[in-house]
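We're numbering straight along the sequence, starting at 1. Just so you know, these numbers use all the heavy atoms, side chains as well, and skip hydrogens, waters and symmetry mates.
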Amino acid sequence: MAGPKFQLVAFPEVYALPGRPGSGSQAMKDAHRQTSFLLADDLALLERAMNSQLRIVAENAKAKGTHTAALLTLWSRTFSHLADAVASISVASYASAPLLLRGALDCIAVQRSLIADGFAEYETWYAGGIGKQGTALSVELGHYRAASVLAEDDRLGLLYRLLSALAMPHFGSTLLLTSPDSGENKIVAGFADSTFHLAWAEVTLGLALQLGAAQIETVRSTDVLALSDEAAADCDAVTRAVASALASSRRCYVEQQADRFTFHNFRRTATGQPRRIIL
């Protein structure tokens with residue numbers, strides 16, 4: 001297949017969780033402290049999942065070819081979206097996280113779709129989509145959607161519908177993200193609020209964990225990249241640990257019923273009265 005050569009020239013050696021903010025409001029610093037304490041297990045598991053991904057990248061740092069280019073470039077976006085989402089969650093920027101997580105999911109879905117069809121559309125784009133137009137580098141956009149993957153996979157489909165509802169500026173999701181303490185008689189709003197909210201931290205970190213595991217599973221579903229026995233065993237352990245962590249009914253979790261989403265155990269603090277929210 002004609003086209004440019006592919007070379008991976010840089011990647012992180014290790015992923016570290018976001019540190020305590022050196023600047024910003026006291027609320028942001030308190031949110032980081034509470035997130036680090038109350039969701040320590042989630043954060044440790046997410047850090048492990050991110051480093052499992054980097055281990056696979058390191059083992060394939062010299063891999064070549066069109067299919068490698070497709071996976072690594074899209075996967076890079078997934079990884080960055082997840083890292084940025086966790087940074088937002090750690091300082092209670094819960095309204096920003098769904099957009100980043102939705103971006104990560106889109107990139108995972110495209111990877112899975114390309115794997116399923118043998119990378120045919122990517123190969124076509126790769127062969128002629130990069131060239132010169134006068135003195136400028138010309139890069140064709142290469143429109144691509146992976147709606148069929150999201151429709152056929154129950155788990156990814158649910159994540160897509162939920163993240164789409166939260167990421168779009170719908171009235172209800174905007175209220176729930178910016179004014180989570182509101183009730184039927186009063187809207188209690190915060191403007192760009194950075195106050196810790198346990199339920200939103202649990203929901204958004206849970207979504208990040210699911211997407212981290214989904215990215216690992218995606219890479220494992222193809223032979224484009226090689227995995228050592230140790231890396232494969234680590235990936236299996238991580239995906240099992242994520243499934244176990246998210247199975248707890250004590251955390252805030254979301255179920256879809258028809259076209260509505262039900263949030264269970266929705267509360268600001270660990271000692272707060274759990275509520276059930278239907279969005």
Side-chain angles (χ1 to χ4, degrees), residues 12 14-18 35-59 71 74-90 94 97-98 100-109 111-112 115 149-150 152-163 166 198-222 225 227-256 261 263-265:
V14 65
Y15 168 82
L17 294 169
T35 305
S36 299
F37 177 69
L38 294 173
L39 288 91
D41 290 344
D42 277 8
L43 289 169
L45 182 52
L46 196 143
E47 184 176 43
R48 182 180 174 189
M50 297 291 273
N51 280 307
S52 293
Q53 294 179 56
L54 290 180
R55 181 175 185 172
I56 300 171
V57 173
E59 290 184 354
L71 283 184
L74 286 161
W75 181 6
S76 173
R77 296 187 68 178
T78 301
F79 190 94
S80 294
H81 285 320
L82 291 176
D84 290 345
V86 175
S88 296
I89 296 164
S90 73
Y94 306 119
L100 293 162
L101 295 171
R102 163 67 191 274
L105 175 56
D106 281 334
C107 290
I108 291 171
Q111 290 172 68
R112 292 193 174 196
I115 290 169
V149 169
L150 296 170
E152 295 167 1
D153 188 305
D154 290 340
R155 182 180 54 156
L156 290 186
L158 173 58
L159 293 180
Y160 179 79
R161 291 187 292 274
L162 175 58
L163 284 170
L166 296 177
L198 178 61
W200 275 125
E202 288 178 331
V203 168
T204 50
L205 277 177
L207 290 167
L209 281 169
Q210 290 184 71
L211 292 172
Q215 177 62 73
I216 290 172
E217 293 166 356
T218 300
V219 176
R220 294 216 59 196
S221 70
T222 176
L225 301 179
L227 275 75
S228 66
D229 290 341
E230 294 81 3
D234 180 55
C235 288
D236 289 341
V238 167
T239 53
R240 287 195 302 268
V242 168
S244 177
L246 298 179
S248 172
S249 61
R250 300 184 62 183
R251 68 185 299 134
C252 184
Y253 63 97
V254 186
E255 291 182 322
Q256 184 173 17
F261 297 97
F263 292 71
H264 299 273
N265 300 327

> Just wondering, are more than 12 heavy atoms of other shown residues or ligands nearer than 6.0 Å to CZ in Arg55?
Replying inline: yes
>> Donor-acceptor check, side chain of Ser221 to backbone of Thr218, threshold 3.5 angstrom: yes or no?
In response: yes
Considering only distance and modelled atom types, tabulate donor-acceptor pairs under 3.5 Å from the side chains of residues 198-211, sequence neighbours left out.
{"unit_1": "Trp200", "atom_1": "NE1", "unit_2": "Leu176", "atom_2": "O", "d": "3.1"}
{"unit_1": "Glu202", "atom_1": "OE1", "unit_2": "Cys252", "atom_2": "N", "d": "2.8"}
{"unit_1": "Thr204", "atom_1": "OG1", "unit_2": "Trp200", "atom_2": "O", "d": "2.6"}
{"unit_1": "Thr204", "atom_1": "OG1", "unit_2": "Ala201", "atom_2": "O", "d": "3.4"}

>> Going by side-chain contact (heavy atoms from CB on, under 4.5 Å), name the residues that satisfy it together with Ala243, two or more places apart in sequence or in a different chain.
In response: none
> Who passes side-chain contact (heavy atoms from CB on, under 4.5 Å) against Ser88, sequence neighbours left out?
Replying inline: Ser93, Ser96, Leu100
> Is there side-chain contact between Val219 and Cys235, with heavy atoms separated by less than 4.5 Å?
Replying inline: no
> Is any side-chain heavy atom of Val149 less than 4.5 Å from a side-chain heavy atom of Ile108?
Replying inline: no
>> Quick check: closest heavy atoms across Leu166 and Pro98, and the distance to 0.1 Å?
In response: CB-CB, 3.8 Å
>> Show me the pairs that pass salt bridge (charged side-chain N to carboxylate O under 4.0 Å, His left out) and involve residues 244-253, at least two apart or across chains.
In response: Asp42-Arg251
> Taking only residues two or more places apart in sequence or in another chain, which ones pass side-chain hydrogen bond (donor to acceptor under 3.5 Å, both in side chains) with Glu255?
Replying inline: His264
> Looking at residues at least two apart in the chain, or sitting in another chain, which of them share a salt bridge (charged side-chain N to carboxylate O under 4.0 Å, His left out) with Asp106?
Replying inline: Arg102
>> Quick one: does any side-chain atom of Asn51 pair with a main-chain N or O of Glu47 as donor and acceptor, under 3.5 Å?
In response: yes
>> Restricting to non-hydrogen atoms, name the atom on Cys107 and the atom on Thr78 that form the minimum distance, rounded to 0.1 Å.
In response: CB-OG1, 3.2 Å
>> Testing the basics here: between Pro18 and Ala87, what is the closest heavy-atom pair and its distance to 0.1 Å?
In response: CG-CA, 3.9 Å
> Considering all heavy atoms of both residues, which atom of Ala109 and which atom of Leu150 are nearest to each other, and what is their separation?
Replying inline: CB-CD2, 3.8 Å
> With Glu59, which residues qualify under side-chain hydrogen bond (donor to acceptor under 3.5 Å, both in side chains), at least two apart?
Replying inline: Ser228
>> According to salt bridge (charged side-chain N to carboxylate O under 4.0 Å, His left out), does anything in residues 205-218 pair up with another residue at least two apart or in another chain? List the pairs.
In response: Arg112-Glu217, Arg155-Glu217
>> Could you work out, with salt bridge (charged side-chain N to carboxylate O under 4.0 Å, His left out) as the rule, every residue matching Arg240, not counting sequence neighbours?
In response: none
>> For a 4.5 angstrom cut-off between non-hydrogen side-chain atoms, does Asn265 reach Tyr253?
In response: yes
>> What's the separation between atom CG in Leu17 and atom OG in Ser36, rounded to the nearest 0.5 Å?
In response: 7.5 Å
>> Contact between Met50 and Gln53 at the side-chain level, heavy atoms closer than 4.5 Å - yes or no?
In response: yes
>> Which residues pass the salt bridge (charged side-chain N to carboxylate O under 4.0 Å, His left out) test with Asp236, not counting sequence neighbours?
In response: Arg220
> Under the ring pair (Phe, Tyr, Trp, His ring centres under 6.0 Å) test, which residues partner Phe79, sequence neighbours left out?
Replying inline: none
> Of all heavy-atom pairs between Tyr15 and Leu46, which one has the smallest distance, and what is that distance?
Replying inline: OH-CD2, 4.1 Å
>> Among residues at least two apart in sequence or on other chains, which ones pass side-chain contact (heavy atoms from CB on, under 4.5 Å) with Gln256?
In response: Leu158, Arg161, Phe261
> Between Ile89 and Thr35, which heavy-atom pair has the shortest distance, and what is it?
Replying inline: O-OG1, 4.1 Å
> Could you state the interatomic distance from CG (Leu101) to CG (Leu82), rounded to the nearest 0.5 Å?
Replying inline: 6.5 Å
> Step by step, would you call His81 with Leu105 a side chain to side chain contact (heavy atoms under 4.5 Å, CB included)?
Replying inline: CA-CA 9 Å; His81 285 320; Leu105 175 56; over 6 Å; no
